[in-house]
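The chains referred to below are lettered A, B, ... by the order of the sequence lines, with proteins before strands, and numbering in each begins at 1.
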Amino acid sequence: MSVTFAYAWFKTNSMNIYNEFEVKIKSLISGLMRDKTLPDTLDTTKVAVEAPRDSAHGDLATNAAMVLCKQSGMNPRALAETLKPEIESITGVEAVDIAGPGFINIRLNSNYYFQILQTILKGDNIFGSSSLGQQKPVNVEYVSANPTGPLTVGHARGAIVGDSLARLLAKAGFAVRKEYYINDAGNQVNVLGESAYLRYREALGEKITIPEGCYPGEYLKEVGEAAKQQEGDQWLDKSDYLPFFREFAVNYLMDEIKSDLHHIGIDFDLFYSEKSAVSNGSVDRALDYLEEKGLLYQGVLEPPKGKKPDDWEPREQTLFRSTDFGDDVDRPIKKSDGTYTYFANDIAHFYDVYQDGYKDLIVVVGADHGGYVRRATSAFQAMTDGEGNFSMPLCAIVTVLNNGKPVRMSKRAGTFITLRDVLDAVGPGVMRFIMLTRQSNQTLEFDYAKALDQSKDNPYFYVQYAHARACSVLKHAKEMFGDFDVNSADLTKLDRSETIGVLKTLSQWPRIVEQAALAREPHRVAFYLQDVASAFHSWWNMGRKDATLRFLIEDDKETSMAHLALVTGVKNVIADALDVIGVEPLNELRGDLKDEVGEAV
RNA sequence: GGUCCCGUAGCUCAACCGGAUAGAGCAACUGCCUUCUAAGCAGUAGGUUGUAGGUUCGAGUCCUACCGGGAUCGCCA
């Protein structure tokens with residue numbers, strides 16, 4: 001939240017019309033303060049320019065009169081009257097109205113929007129890009145699934161949310177580093193090694209039983225087989241097989257994970273190994289740092305309030321003073337066997353992130369990590385002397401359905417739906433889009449059958465259809481008019497409420513980018529895409545009732561060219577927004593949806 | 001029991017830093033294909049934003065308590 005506040009002050013270089021007018025209105029107020037029309041002590045920080053909820057009120061609205069009325073000793077309507085002529089003189093303003101408790105509503109003229117369209121038509125993705133982030137380094141960590149099995153649908157959501165967020169932040173002008181934290185330390189990796197070794201023996205013809213506590217998943221057969229291919233039977237009678245099989249299995253599974261992720265367009269800048277953080281001294285360095293600051297001590301934790309675990313006994317251990325940074329209790333750094341806790345390794349990770357120059361850290365995790373947020377925030381604050389911005393967006397679970405019927409998953413039996421299963425069924429584009437059709441902390445239903453449905457009920461299809469429809473119109477236009485250049489179209493032909501309405505929807509894009517980036521909510525891009533598609537489909541249909549609104553009018557090339565400019569604008573913005581969420585736009589939708597997207601991304 | 005997330009139309013969900021009359025889609029009902037892809041569009045109807053207080057010019061949004069659903073709770077990661 002403080003992040004949002006801080007960035008609001010940067011004058012950003014983008015086509016965000018709300019920011020543009022906020023800056024202009026604030027400077028105009030300063031002018032009035034200089035010439036003593038208004039008291040020169042006004043604090044304009046709360047002055048905002050926003051979209052009126054009801055578009056009938058105008059294109060922009062400012063609360064200036066309401067937030068400044070007390071300070072200036074004027075009533076809001078009178079203050080609004082003072083501001084009105086000044087605002088009217090801003091370029092692009094068509095009309096200014098005062099409404100309700102003192103809202104100042106601003107209507108922009110068509111020319112202003114035509115200029116926006118011209119920028120969109122340049123087509124080099126400048127429109128929508130923002131300098132909001134000032135190239136500030138941001139480290140985005142996501143997926144970070146344990147390398148003990150294949151990625152599941154649940155991981156896929158975090159992966160897609162994280163990756164889209166990273167792309168979004170880059171679009172908003174941040175210098176983003178995409179990071180995968182490999183949990184290759186700890187007991188689970190030992191279990192993995194043991195399990196892999198069993199499968200190796202099995203591959204060599206032995207009959208095995210999987211003991212309680214080992215991973216039963218069938219996928220480990222492949223690992224055992226691969227180990228046999230590479231190593232022969234040399235590990236059969238050795239007792240020190242564990243280190244080798246640990247590493248072999250982790251590498252094998254990480255390769256699979258990387259390959260799966262690559263298939264949905266996700267590649268990382270950095271893979272951070274928990275194990276190496278321990279072995280290369282990162283953990284020690286980080287803990288020394290905390291020690292120096294007096295943030296570590298030997299102590300005994302109170303038992304959890306309420307229900308006491310059966311085996312609870314007071315124990316002295318090394319604790320981190322996370323309560324100094326807002327946590328509820330101090331957190332243990334070492335287990336009773338002397339090895340570090342997961343949290344200690346995470347602290348080391350934070351330390352390294354900060355040492356690499358990143359004060360902004362975003363970690364996308366599953367909702368089951370909810371209880372971890374506070375201590376992680378504490379740790380990052382401790383590491384950065386309070387200079388850091390840490391956020392941990394939570395992704396709620398995904399329930400998988402097939403035509404409304406739940407698909408059962410059981411981790412215990414080793415049967416779960418892998419990312420690859422879903423990818424094979426629906427393709428990467430569908431998957432990425434559907435995963436963003438809910439706010440990430442809301443549970444999401446993923447229905448195989450519906451994901452491939454070719455109807456407006458499928459948001460992916462709905463949006464792609466708009467893009468394909470735009471492409472189709474441009475193709476028809478070429479047949480009708482021969483080669484043409486939309487850049488030379490006379491845009492004043494678009495001066496009708498229907499077409500200006502479509503253009504207004506397009507003009508929202510830069511603002512969506514900035515708002516979504518600040519809120520760390522990539523799903524807003526997917527929602528916006530649906531708005532654009534809707535505006536476009538709606539316009540298309542208007543042509544049925546009113547021939548002058550048809551995209552192509554054979555005997556009116558002028559208007560057709562203007563329409564084609566707008567159609568191209570729609571196409572560009574959809575393609576640009578799809579790119580932000582890592583989805584390839586489709587030019588045609590004649591065939592099967594899955595086949596169409598098979599090669600996308 | 002502690003902590004975190006969620007609670008908005010019959011269903012699934014939006015709502016931009018606290019702004020105006022809380023918006024879409026589905027389902028229901030009514031229309032629109034000799035026409036650029038009807039795989040679509042338009043319209044009607046549907047609400048005490050879980051409850052009760054508080055903060056202020058103004059609250060779905062912030063604060064407190066409660067109710068309901070989920071997650072999590074030292075030597076798992």
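- A distance of about 50 Å separates the P atoms of B/C32 and B/G58, rounded to the whole Å.
- A sub-4.0 Å separation between OP1 or OP2 of B/U37 and a side-chain N or O of A/S472 is present.
- Between A/H523 and A/F527, the ring planes are perpendicular. Angles over 60° get that label, and only those under 30° would be called parallel.
- Comparing the same atom, C1', in B/A14 and in B/A52 gives a spacing of 27 Å after rounding to whole Å.
- Going from the P atom of B/A38 to that of B/C33 covers 12 Å, rounded to whole Å.
- Among the protein residues, A/A51 comes within range of the nucleic acid bases, having at least one heavy atom under 4.0 Å from a base atom.
- Side-chain N/O atoms of A/R374 and base N/O atoms of B/U3 include no donor-acceptor pair closer than 3.5 Å.
- Taking every side-chain heavy atom of A/N441 into account, B/C5 is the closest of B/C5, B/A77, B/C36.
- In the displayed structure, A/E479 atom CD is contacted under 6.0 Å by more than 12 heavy atoms of other residues, nucleotides or ligands.
- Donor-acceptor pairing under 3.5 Å is recorded for the side chains of A/N146 and A/Q188.
- By the criterion of a centre-to-centre distance under 5.5 Å and near-parallel planes under 30°, the ring of A/F103 forms a stack with the base of B/A20.
- Phosphate proximity of B/A77 to A/K275: absent, as no side-chain N or O sits under 4.0 Å from OP1 or OP2.
- Within the nucleic acid shown, A/L552 comes within 4.0 Å of at least one base atom, counting heavy atoms only.
- For A/E588, whose side chain is taken as the heavy atoms from C-beta onward, the closest listed nucleotide among B/C41, B/U37, B/C13 is B/U37.
- Within the 4.0 Å cut-off from OP1 or OP2 of B/A42, at least one side-chain nitrogen or oxygen of A/S538 is found.
- Classified by interplanar angle (parallel below 30°, tilted 30° to 60°, perpendicular above 60°), the ring pair A/F325/A/F320 is parallel.
- Within 6.0 Å of NZ in A/K275 there are 12 or fewer heavy atoms belonging to other residues, nucleotides or ligands.
- No donor-acceptor contact under 3.5 Å links the side chain of A/D531 to the base of B/A24.
- Listed here is the closest heavy atom pair of A/A159 and A/V143: CB-CG2, 3.5 Å.
- Annotation: of the two residues near RNA chain B, A/G370 and A/T339, the 5′-most nearest-nucleotide partner is A/G370.
- Using a 4.0 Å heavy-atom criterion, one finds that A/V67 contacts the bases of the nucleic acid, with or without backbone contacts as well.
- A centroid separation of less than 6.0 Å is found between the aromatic rings of A/Y181 and A/H349.
- Contact annotation for A/R550: base contact, defined as any heavy-atom pair under 4.0 Å involving a base atom.
- For B/C13, neither phosphate oxygen OP1 nor OP2 lies less than 4.0 angstrom from any side-chain nitrogen or oxygen of A/R524.
- Atom P of nucleotide B/A59 and atom CE of A/M66 are separated by 13 Å, given to the nearest angstrom.
- Within 4.0 Å (heavy atoms only), A/A61 reaches at least one base atom of the nucleic acid.
- Side-chain proximity of A/N146 to the nucleotides B/A77, B/C41, B/C4 is greatest for B/A77.
- To the nearest angstrom, P of B/C36 lies 17 Å from CG of A/D546.
- Within the nucleic acid shown, A/P76 has no heavy atom closer than 4.0 Å to any nucleic acid atom.
- For A/Y462 and B/C41, the shortest distance from a side-chain N or O to OP1 or OP2 is below 4.0 Å.
- Put simply, A/Q530 has no side-chain N or O that comes within less than 4.0 Å of OP1 or OP2 on B/A24.
- The side chain of A/H476 contributes an N or O atom lying less than 4.0 Å from OP1 or OP2 of B/U37.
- At the heavy-atom level, A/E445 lies nowhere under 4.0 Å from the strands shown.
- A/L529 and A/F433 make their closest contact through CD1-CE1, 3.8 Å (heavy atoms, listed as atom of the first residue, atom of the second, distance).
- On the C1' atoms, B/U21 is 39 Å away from B/U3, given to the nearest whole Å.
- For the P atoms, the distance linking B/G46 with B/G23 amounts to 14 Å, nearest Å.
- Note: A/F390 and A/F380 have tilted aromatic rings, judged against thresholds of 30 and 60 degrees for the angle between ring planes.
- Looking at the side chain of A/W540, the nearest of the listed nucleotides B/G19, B/A38, B/C41 is B/A38.
- Near RNA chain B, meaning a heavy atom under 4.0 Å away, there are no residues from residues 557-565 of chain A.
- Each of A/L287, A/I333, A/D330, A/T341 was compared with A/T318 under the side-chain contact (heavy atoms from CB on, under 4.5 Å) criterion, and only A/I333 meets it.
- Set against B/A77, B/A20, B/G19, the side chain of A/A99 has B/A20 as its closest nucleotide.
- The side chain of A/Q515 sits closest to B/C17 out of B/C13, B/C36, B/C17.
- B/A28 sits 29 Å from B/G68 when the C1' atoms are compared, rounded to a whole Å.
- Listed candidates were B/C13, B/C16, B/A77. Nearest to the side chain of A/T443 is B/C13.
- The same atom, P, is picked in B/C73 and in B/A20; the two are 41 Å apart, to the nearest Å.
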Could you go through residues 531-540 of chain A and list every donor-acceptor pair under 3.5 Å that involves a side-chain atom there, pairing it with any protein atom two or more places apart or in another chain?
residue	atom	partner	partner atom	Å
A/H537	ND1	A/R469	NH1	3.0
A/H537	NE2	A/Y462	O	3.2
A/W539	NE1	A/L549	O	3.3

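- Put simply, CD on A/Q71 is 13 Å from P on B/C57, counting in whole angstrom units.
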Each base of RNA chain B marked ( ) or [ ] if paired in-strand (Watson-Crick or G-U under 3.5 Å), | if paired to another strand and . if unpaired gives (((((((..((((.....[...)))).(((((.......))))).....(((((..]....))))))))))))....
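- Side chain of A/R375, nearest nucleotide from B/A77, B/A20, B/G74: B/A77.
- B/A77 and B/U72 are spaced 13 Å apart, taking the C1' atom of each and rounding to whole Å.
- Look at A/R544 and you won't find any side-chain N or O under 4.0 angstrom from OP1 or OP2 of B/U35.
- Residue A/A48 is out of contact with every strand shown, counting any heavy-atom pair closer than 4.0 Å.
- Picking from B/G19, B/U37, B/C41 the nucleotide with the shortest atom distance to the side chain of A/Y465 gives B/U37.
- Comparing B/C36, B/C17, B/A20 by their nearest atom to the side chain of A/V473 picks out B/C36.
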